[in-house]
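Here's the structure we're looking at; comments come further down.
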Amino acid sequence: MANNSVAYSGVKNSVNEANHAGDFGITVEELRALMELRSTDALQKIQDCYGDVYGVCSRLKTSPHEGLSGNLADLERRQEVFGQNIIPPKKPKTFLQLVWEALQDVTLIILEIAAIISLILSFYRPPGSDNELCGASTGAVEEEEGEAGWIEGGAILVSVVCVVLVTAFNDWSKEKQFRGLQNRIEQEQKFTVMRGGQVIQIPVADIVVGDVAQIKYGDLLPADGVLIQGNDLKIDESSLTGESDLVKKTLEKDPLLLSGTHVMEGSGKMVVTAIGVNSQTGIIFTLLGAGENEEEKEKKEKKSMLHQPDVGLVMSAITVIILVLYFVIDNFWVQQRPWLAECTPIYVQYFVKFFIIGVTVLVVAVPEGLPLAVTISLAYSVKKMMKDNNLVRHLDACETMGNATAICSDKTGTLTMNRMTVVQAYMTEKHYRKIPDAESIPENVLQLLITGISVNCAYTSKILEGGLPRHVGNKTECALLGFILDLKRDYQDVRNEIPEETLFKVYTFNSVRKSMSTVLKNNDGSYRMFSKGASEIVLKKCFKLMTASGEAKIFRPRDRDDMAKSVIEPMASEGLRTICLAYRDFPAGEPEPDWENENDILSGLTCLAVVGIEDPVRPEVRGGITVRMVTGDNINTARAIATKCGILHPGEDFLCVEGKEFNRRIRNEKGEVTSVLPPAVPCLSLVFYCIIDSTVCEQRQVVAVTGDGTNDGPALKKADVGFAMGIAGTDVAKEASDIILTDDNFSSIVKAVMWGRNVYDSISKFLQFQLTVNVVAVIVAFTGACITQDSPLKAVQMLWVNLIMDTFASLALATEPPTESLLLRKPYGRNKPLISRTMMKNILGHAVYQLVVVFTLLFVGEYCIVSYCHSISNLHYTIVFNTFVMMQLFNEINARKIHGERNVFEGIFNNIIFCSIVLGTFIIQVSAWSVLFQIT
């Protein structure tokens with residue numbers, strides 16, 4: 001028997017169900033020690049301690065053929081003993097921890113210290129001394145009365161508390177949303193196991209030690225296990241070992257399978273031996289500790305970037321220096337006042353006020369609300385996108401998708417419904433345009449056809465009846481199984497009739513073979529091999545053809561060319577995928593073939609049939625968004641599907657390029673990319689995604705790629721945004737993707753584009769609004785401080801502005817719902833600046849308007865108010881502040897439109913959050929008038 005035999009023979013099923021009351025015959029520590037071994041060491045350990053893998057199954061009280069019984073008490077007992085298949089996430093931070101983190105903000109710390117010093121000094125009066133001796137009347141900074149001197153310091157502290165609480169609440173909400181998203185992703189992941197002899201799919205978290213799992217090409221292993229049977233099984237262990245070479249897993253050499261690794265070829269079964277924190281992936285996670293998530297890192301990077309020295313810091317320093325110099329020169333040089341020791345606290349109080357004014361300039365100069373606006377917009381969009389069947393794994397993919405300039409889409413499952421069906425067949429030298437009756441096919445040909453299809457595919461592929469037939473497993477194999485059902489035969493009966501030990505060897509499908517073959521060993525010592533694969537590949541290896549009489553005749557190269565022209569090309573032109581079915585006998589009297597020599601084994605075939613498989617085009621992709629279709633199908637099939645989808649139009653056949661021709665165009669003799677992708681080419685056949693990526697990226701385009709297979713993984717990883725199919729996609733494709741389409745529908749990609757552009761617009765809206773506020777506030781605070789020696793906008797007032805203009809405004813502008821008009825606009829692309837010309841005009845225009853109004857009130861308004869109130873400074877500055885706030889509030893409505901639209905009120909009532917925030921801010925500002933009046 002070959003090394004990678006599919007079956008064990010002569011071994012009895014030792015245990016059917018676990019003893020619920022007793023312990024298992026193996027401990028967690030023993031299993032962990034076993035899984036840490038490699039290759040021959042692991043095999044030796046299994047042989048010495050357990051005899052073979054069946055001994056491991058016996059100790060775990062599970063059946064290698066039927067799996068666990070599925071008894072609930074047994075499953076709970078296993079979870080109690082061996083743990084659950086989850087890696088506990090990092091413990092979420094409490095609200096108090098988030099409050100403490102918010103207090104670490106440098107600007108807030110400076111304000112807290114200054115406010116406390118101001119609060120303490122406000123109660124100090126020089127004993128037996130006139131305040132004028134200490135320069136109390138110097139400049140515009142007047143000393144408050146003892147009863148009200150504490151108000152500014154106290155108000156600053158109250159404002160800091162409000163800012164900290166709001167920031168902590170926002171962080172708490174974001175962390176809760178992120179964990180909800182992660183839980184959703186984990187719930188979407190399922191795996192195939194056997195329980196009670198039935199093959200079922202269960203959530204990865206429900207897998208227990210002792211489960212018998214079926215593994216196949218494309219799977220991401222969710223647990224550690226020992227191989228029970230394998231068919232040319234090759235594993236990519238680079239995620240654990242760093243080695244890129246595929247590791248072949250066999251019963252005789254290396255039977256251990258590790259969690260977190262990818263099945264790249266073949267199929268098989270394994271018994272689960274370690275899960276969760278006890279698996280190899282779990283052990284690594286435990287050793288590393290739960291690190292920061294990407295969102296926290298991104299937030300910290302943005303905060304550190306915003307607190308680096310910039311224009312605001314320079315202007316803040318200049319403001320403090322000017323105020324201090326003016327005070328010193330005016331008091332101790334111009335007025336010749338002596339420095340009195342008892343007046344030192346008063347002088348310090350002045351310096352603290354100057355310092356607070358400088359901090360005010362810094363506060364208004366830093367757009368601290370921008371990271372919050374980005375986060376709120378992304379989190380809000382992610383939550384809404386879930387309802388549109390877009391499961392976002394990486395938050396930044398939302399915004400990137402809005403700028404996508406090229407969508408490279410696979411055909412199967414994206415542009416089509418991914419429900420393959422055999423609609424035409426060529427057999428016994430006759431082309432059937434529809435499925436023939438079984439009676440019209442010679443009995444021996446029919447039996448060969450049914451047996452070949454039933455056994456020469458993964459047994460995980462099956463069709464579930466009930467309503468619309470549901471395909472489970474490989475879609476092409478399901479189409480062939482459906483062909484058997486259409487012939488009024490049952491493939492499951494054939495599988496049950498063939499003993500497991502008869503299955504001798506399997507040559508699984510891969511990108512090199514483009515075919516799959518299964519060898520059966522007969523009782524007389526002979527072998528029969530069934531093959532299936534791409535018609536242009538398998539037909540080249542056929543030298544006989546079954547005729548209408550049920551006999552095989554010679555199949556010459558000329559006959560093959562005739563079949564290609566009369567059968568394969570017409571099928572392909574109709575958008576059908578052609579699959580050739582063949583077989584070969586190895587008589588008992590001949591020497592044993594060299595089963596490792598595939599070239600000799602996969603030759604001399606007899607053609608049974610060529611079938612045409614159709615995957616219906618989704619109605620929602622007939623036109624609409626422009627894509628580039630990339631497929632591994634025959635170029636005629638690709639052209640037909642592209643035409644049905646509206647990607648190609650009549651007379652544009654020259655735009656469909658085959659892989660070899662495409663490579664010739666873009667690469668030189670050394671294989672280097674020398675030219676970029678022709679932008680007009682929308683349909684490419686037999687082209688690897690990486691070619692698309694490399695050439696499109698040369699043009700600095702933003703590329704989105706869709707895929708569902710393991711071979712699509714590198715392209716999904718390399719693309720700016722990778723879309724994986726949630727239903728038909730393999731675990732490898734999902735792991736490499738940024739967004740998972742839970743319904744495998746192309747229309748969901750269109751919705752992702754719409755939400756992505758909406759995120760980009762939301763950030764731009766807030767940026768326009770925030771920069772207008774910052775420009776006006778910095779100029780007003782700096783100019784007012786330098787001319788009047790006091791900032792018209794106090795620190796406590798600017799904290800209030802930061803609260804309503806950063807937190808609330810970011811929430812209002814980041815929750816604007818998307819509209820269909822977003823799809824009518826061209827994407828921004830990779831090099832488009834975030835601030836457009838239109839936005840710059842809006843920022844400068846509103847800034848000039850607001851500065852004119854504020855400076856008019858500041859320098860002219862004082863004389864207009866004199867006759868109305870004796871408290872000129874208080875009322876004057878209060879009016880300036882309230883006018884400033886109201887202008888920002890109304891500018892928030894203007895910021896809703898950033899592309900030159902004239903009607904800024906259009907659709908305003910569609911966003912209840914925006915209306916509530918604007919109205920609420922207005923009411924709070926008006927109701928707080930008296931308080932602000934007292935403070936100023």
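Computed from a predicted model, the values in this text were never measured in an experiment.
Scanning for side-chain contact (heavy atoms from CB on, under 4.5 Å) contacts around Val494 gives Ile450, Thr451, Ser454, Ile498, with sequence neighbours left out. Qualifying side chain to side chain donor-acceptor pair (under 3.5 Å) partners for Lys553, counting only residues two or more places apart in sequence or in other chains: Glu429.
Under the 4.5 Å side-chain criterion, counting only non-hydrogen atoms from C-beta, Leu257 is in contact with Ile215. Two residues are said to be in side-chain contact when any heavy atoms from C-beta on lie closer than 4.5 Å; Glu551 and Met546 fail this criterion. The side-chain heavy atoms of Leu449 and Met427, taken from C-beta on, include a pair separated by under 4.5 Å. In this structure, the side chains of Lys248 and Glu265 stay at 4.5 Å or more apart for every pair of heavy atoms. Side-chain contact between Phe555 and Met563 is present, with heavy atoms from C-beta onward closer than 4.5 Å. Looking only at side-chain heavy atoms (C-beta outward), Met194 and Lys269 come within less than 4.5 Å of each other. Between Asp211 and Phe191 the shortest side-chain heavy-atom distance does not fall below 4.5 Å. Counting heavy atoms from C-beta outward, Tyr426 and Ser566 have side chains that stay 4.5 Å or more apart.
Within a 6.0 Å sphere centred on CG of Asn523, other residues, nucleotides and ligands contribute 12 heavy atoms or fewer. Applying the 6.0 Å contact sphere to NZ of Lys544 captures no more than 12 heavy atoms from other residues, nucleotides or ligands. Taking a 6.0 Å sphere around CD of Gln198, one finds it holds 12 or fewer heavy atoms contributed by other residues, nucleotides or ligands.
Here the straight-line distance linking atom CE of Met420 with atom CG of Leu481 works out to 13.5 Å at 0.5 Å rounding. Of the inter-residue distances, the one linking Lys541 atom NZ with Asn599 atom CG reads 7.0 Å to the nearest 0.5 angstrom. Of the inter-residue distances, the one linking Met270 atom CE with Leu227 atom CG reads 9.5 Å to the nearest 0.5 angstrom. Atom CD1 of Ile435 sits about 7.0 Å away from atom CG of Leu487, to the nearest 0.5 Å. Note: Leu576 CG to Ile568 CD1 = 12.0 Å, rounded to the nearest 0.5 Å. Separating the CG atom in Leu545 from the CG atom in Leu608 is a distance of 9.0 Å, to the nearest 0.5 Å.
Of all heavy-atom pairs between Leu539 and Arg560, the closest is O-NE, 2.9 Å. Scanning both residues, Cys580 and Ser535, for their nearest heavy atoms gives CB-CA, 3.8 Å. Asp254 and Lys249 get closest at one heavy-atom pair: OD2-NZ, 3.1 Å. Here the closest heavy-atom approach between residue Val422 and residue Gln424 is recorded as CG1-O, 3.6 Å. Residues Val611 and Met571 come closest through the heavy atom pair C-SD, 4.3 Å. Here the closest heavy-atom approach between residue Thr508 and residue Ser267 is recorded as CG2-N, 4.3 Å.
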Note to self: Let's go through Ser517 and Leu602 carefully: what are the C-alpha distance in whole Å and the side-chain angles of both, what is the deciding distance for side-chain contact (heavy atoms from CB on, under 4.5 Å) to 0.1 Å, and is it a yes or a no?
What the structure shows: CA-CA 8 Å; Ser517 302; Leu602 302 180; 3.2 Å; yes
Note to self: For a side-chain contact (heavy atoms from CB on, under 4.5 Å) check, start with the C-alpha distance between Ile579 and Val538, then their side-chain angles and the critical distance, and finish with the verdict.
What the structure shows: CA-CA 9 Å; Ile579 302 294; Val538 177; over 6 Å; no
Note to self: Trp595 vs Ile601, test: side-chain contact (heavy atoms from CB on, under 4.5 Å). Steps then yes/no.
What the structure shows: CA-CA 7 Å; Trp595 298 108; Ile601 299 299; 3.8 Å; yes
Check: Which is it for Thr273 and Asp224 under the side-chain hydrogen bond (donor to acceptor under 3.5 Å, both in side chains) test, yes or no, and what are the steps along the way?
Finding: CA-CA 6 Å; Thr273 56; Asp224 295 350; 5.8 Å; no
Check: Do Glu614 and Arg577 pass the side-chain contact (heavy atoms from CB on, under 4.5 Å) test, and can you show the C-alpha distance, the side-chain angles, and the key distance before you say yes or no?
Finding: CA-CA 6 Å; Glu614 180 184 52; Arg577 174 180 293 178; over 6 Å; no
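Two rings, from Phe504 and Tyr527, have their centers less than 6.0 Å apart.
Results of the side chain to side chain contact (heavy atoms under 4.5 Å, CB included) test with Pro255 over Thr250, Ile46, Val53 single out Ile46 as the only residue that passes. Just one of Asn456, Leu520, Leu605 meets the side chain to side chain contact (heavy atoms under 4.5 Å, CB included) condition when paired with Met529; it is Leu605. No option in Val56, Val212, Val272 other than Val212 meets the side chain to side chain contact (heavy atoms under 4.5 Å, CB included) test with Thr62. With Lys505 as the partner, the salt bridge (charged side-chain N to carboxylate O under 4.0 Å, His left out) test is satisfied by one option alone out of Glu598, Glu596, Glu592: Glu596.
Using a 4.0 Å cut-off between a side-chain N of Lys or Arg and a carboxylate O of Asp or Glu, Arg558 and Asp561 do not qualify as a salt bridge. Salt bridge status for Lys565 with Asp562: absent, with no side-chain N to carboxylate O gap under 4.0 Å. A salt bridge does not link Lys514 with Glu536: every distance from a Lys NZ or Arg NE/NH1/NH2 to an Asp or Glu carboxylate oxygen is 4.0 Å or more.
Between the side chain of Asp600 and the backbone N or O of Asn597, no donor-acceptor pair lies under 3.5 Å. A donor-acceptor contact shorter than 3.5 Å is absent between the side chain of Asn231 and the backbone of Gly268. Remark: side-chain polar atoms of Asp524 are not paired, donor with acceptor, to backbone N or O of Ala588 under 3.5 angstrom. Panel note: side chain Asp52, backbone Gly55; a donor-acceptor pair is recorded below 3.5 Å. Counting only distance, with no hydrogens or angles, the side chain of Arg528 and the backbone of Phe586 share no donor-acceptor pair below 3.5 Å. Of the possible polar contacts, one joining the Ser63 side chain to the His65 backbone as a donor-acceptor pair under 3.5 Å is found.
Side-chain contact of Asn496 with Asp493: a donor-acceptor pair under 3.5 Å is absent, judged by distance alone.
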